[in-house]
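To keep things clear, I will list the structure first and then write my remarks on it.
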Amino acid sequence: MAQQTQVSRVVEYYHRWLKKFPTFSTLAKSSPADVLREWSGLGYNSRALRFHQLAKHVFSEFHSRLPQSPDELRHLPGIGRYTAHAVACFAFNVHVPVVDVNIRRILTRYSTKVLMASQMMNDDDAWKFAERALPKKNVYDWNQALMDLGGMICTARNPNCIECPINSSCKSAFNKVFLQRQVIKKKNEPSWKGIPRRIYRGKILKLLHFHSFPVEEIAGVLWKNYSSKDIHWLSGVLDTMVINGLLIAGKKKYSLIQ
DNA sequence: AAAGCGTGGTT
DNA sequence: TAACCAAGCTT
């Protein structure tokens, strides 16, 4: 849930989720529709489907027990390098580093001498650094502390170097030029009628929470009036969502997978 | 391997 | 207020 999402926003979903799906078994036996409805509002809906897939896999193949090593965890759907290490460390107290966006930012700032480009250290370098810096004991606390430092002090914008416990050895402490502003890169994300496609996808998914609709009715909800080109574009979006496993296409209607 | 993915709070 | 940002991952 916390992938690319603030923990503060996750907390309530986390508790609701565990109440509804207390075990891998219950999650595995639920429908994608249930899972997506419960996830609604958190964003990145594919994560919910992958979590569902993960639960099915862990339930049927691993007797509802997660593996404890990052290498094994990594094979599971939705589990990448970060999450594998985070679960290993925080759930099973395995002696491994963790590199999330906060820690990568800290490591970058801490070790960067050249302040021209406010580029983040590349992922492999960050992981090597984190591995090398890992203490012999209390790795759980170490990783938590770094993430908290990144979240509360060494923030992306306006880091509070004055209160930072490592400001005396940090290469970019108090350096405004470097710390002020992050890289400005434009996404140029796909859009239609000036609205990003992901916004449509979110609306569509929510619209289909409890009813199935044909393309025309979905279009009617999205736009006051629409053309055949709009229908064509929308059909493409819906088909992609079907491919993504978010929807199924019936004879005439689209719906969640019950 | 760069693009694409949700949403809501902050600056 | 438009742009940035967030316990990343998949294709």
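Here is how names work: the chains are called A, B, and so on, in the same order as the sequence lines, proteins then strands, and each is numbered from 1. Computed from a prediction, not measured in an experiment: that's the story for all the values here.
- Residue contacts for P190(A): at a heavy-atom cut-off of 4.0 Å it reaches the sugar-phosphate backbone alone, with no base atom in range.
- Contact check of residues 1-23 of chain A against DNA chain B (heavy atom, cut-off under 4.0 Å) returns Q4(A), T5(A), Q6(A), R9(A).
- Checking dG8(C), dC4(C), dT7(B) against the side-chain heavy atoms of K206(A) singles out dT7(B) as nearest.
- Comparing the C1' positions of dG8(C) and dA1(B) gives an interatomic distance of 16 Å, to the nearest angstrom.
- Taking every side-chain heavy atom of R157(A) into account, dT11(B) is the closest of dG8(C), dT11(B), dA7(C).
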Under 3.5 Å, side-chain donor or acceptor atoms of residues 191-207 of chain A against the rest of the protein: list the pairs with distances, not counting sequence neighbours.
residue, atom, partner, partner atom, Å
W192(A), NE1, D230(A), OD1, 2.8
K193(A), NZ, D230(A), OD2, 2.9
R198(A), NE, E189(A), OE1, 2.8
R198(A), NH2, E189(A), OE2, 3.1
Y200(A), OH, W192(A), O, 2.8
Y200(A), OH, W223(A), NE1, 3.3

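- To the nearest angstrom, C1' of dA6(C) lies 15 Å from CD1 of I103(A).
- Nucleotides of DNA chain C nearest to G150(A) and I79(A) differ in position, and the one nearer the 5' end is that of G150(A).
- A donor-acceptor contact shorter than 3.5 Å links the side chain of S172(A) to the backbone of R109(A).
- The distance between atom CZ of R104(A) and atom P of dC9(C), rounded to the nearest whole Å, is 11 Å.
- In the hydrophobic cluster analysis, where Ile, Leu, Val, Met, Phe, Trp and Tyr join through side-chain heavy atoms closer than 4.5 angstrom, F213(A) is grouped together with L222(A).
- Atom CG in N122(A) sits about 16 Å away from atom C1' in dA2(B), given to the nearest Å.
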Would you mind writing out the side-chain donor-acceptor pairs for residues 242-256 of chain A within the sub-3.5 Å range, not counting sequence neighbours?
residue, atom, partner, partner atom, Å
N244(A), ND2, T240(A), O, 3.3
Y254(A), OH, D239(A), OD1, 3.0

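- Atom pair I204(A):CD1 and dC5(B):P shows a separation of 11 Å (rounding to whole Å applied).
- Only the C1' atoms considered, dA7(C) is 23 Å distant from dA2(B), to the nearest whole Å.
- Y110(A) meets the side-chain contact (heavy atoms from CB on, under 4.5 Å) test with F129(A), I166(A), S169(A), C170(A); sequence neighbours excluded.
- With rounding to whole Å, N188(A) atom CG is found 13 Å from dG4(B) atom C1'.
- At whole-Å resolution of the value, CG in D124(A) and C1' in dA1(B) are 14 Å apart.
- Spacing between atom CG of N102(A) and atom P of dA6(C) amounts to 7 Å, rounded to whole angstrom units.
- Every residue two or more places apart in sequence or in another chain that forms a salt bridge (Lys or Arg N to Asp or Glu O under 4.0 Å) with E12(A) is listed here: R16(A).
- For residues 14-38 of chain A, the ring-ring contact (aromatic ring centres under 6.0 Å, His included) pairs, not counting sequence neighbours, are W17(A)-F21(A), W17(A)-W39(A), W17(A)-F51(A).
- Contacts of residues 32-47 of chain A with DNA chain B (heavy atom under 4.0 Å): G41(A), L42(A), G43(A), Y44(A), N45(A), S46(A).
- For R104(A), the salt bridge (Lys or Arg N to Asp or Glu O under 4.0 Å) partners are D123(A), not counting sequence neighbours.
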Would you give me the side-chain donor-acceptor pairs under 3.5 Å for residues 142-152 of chain A, sequence neighbours excluded?
residue, atom, partner, partner atom, Å
N143(A), ND2, V96(A), O, 3.0
N143(A), ND2, V139(A), O, 3.4

Please tabulate, one pair per line, all N/O donor-acceptor pairs under 3.5 Å involving side-chain atoms of residues 75-87 of chain A, not counting sequence neighbours.
residue, atom, partner, partner atom, Å
R81(A), NH1, D124(A), OD1, 3.0
T83(A), OG1, Q3(A), NE2, 2.9
H85(A), ND1, R81(A), O, 2.9

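- Distance from the side chain of R198(A) is smallest for dG6(B) among the nucleotides dG6(B), dA6(C), dG8(C).
- Between R74(A) and D71(A) there is no salt bridge, since no side-chain N of the basic residue sits under 4.0 Å from a carboxylate O of the acidic one.
- Using a 4.0 Å cutoff on non-hydrogen atoms, no part of residues 236-249 of chain A comes near DNA chain C.
- For K136(A), there are no salt bridge (Lys or Arg N to Asp or Glu O under 4.0 Å) partners two or more places apart in sequence or in a different chain.
- If you measure from atom CZ of R81(A) to atom C1' of dC9(C), you get 14 Å, rounded to the nearest angstrom.
- Nucleotides dT11(C) and dG6(B), compared at atom P, are 14 Å apart to the nearest Å.
- Distances shorter than 4.0 Å separate none of the side-chain N or O atoms of R74(A) from OP1 or OP2 on dC9(C).
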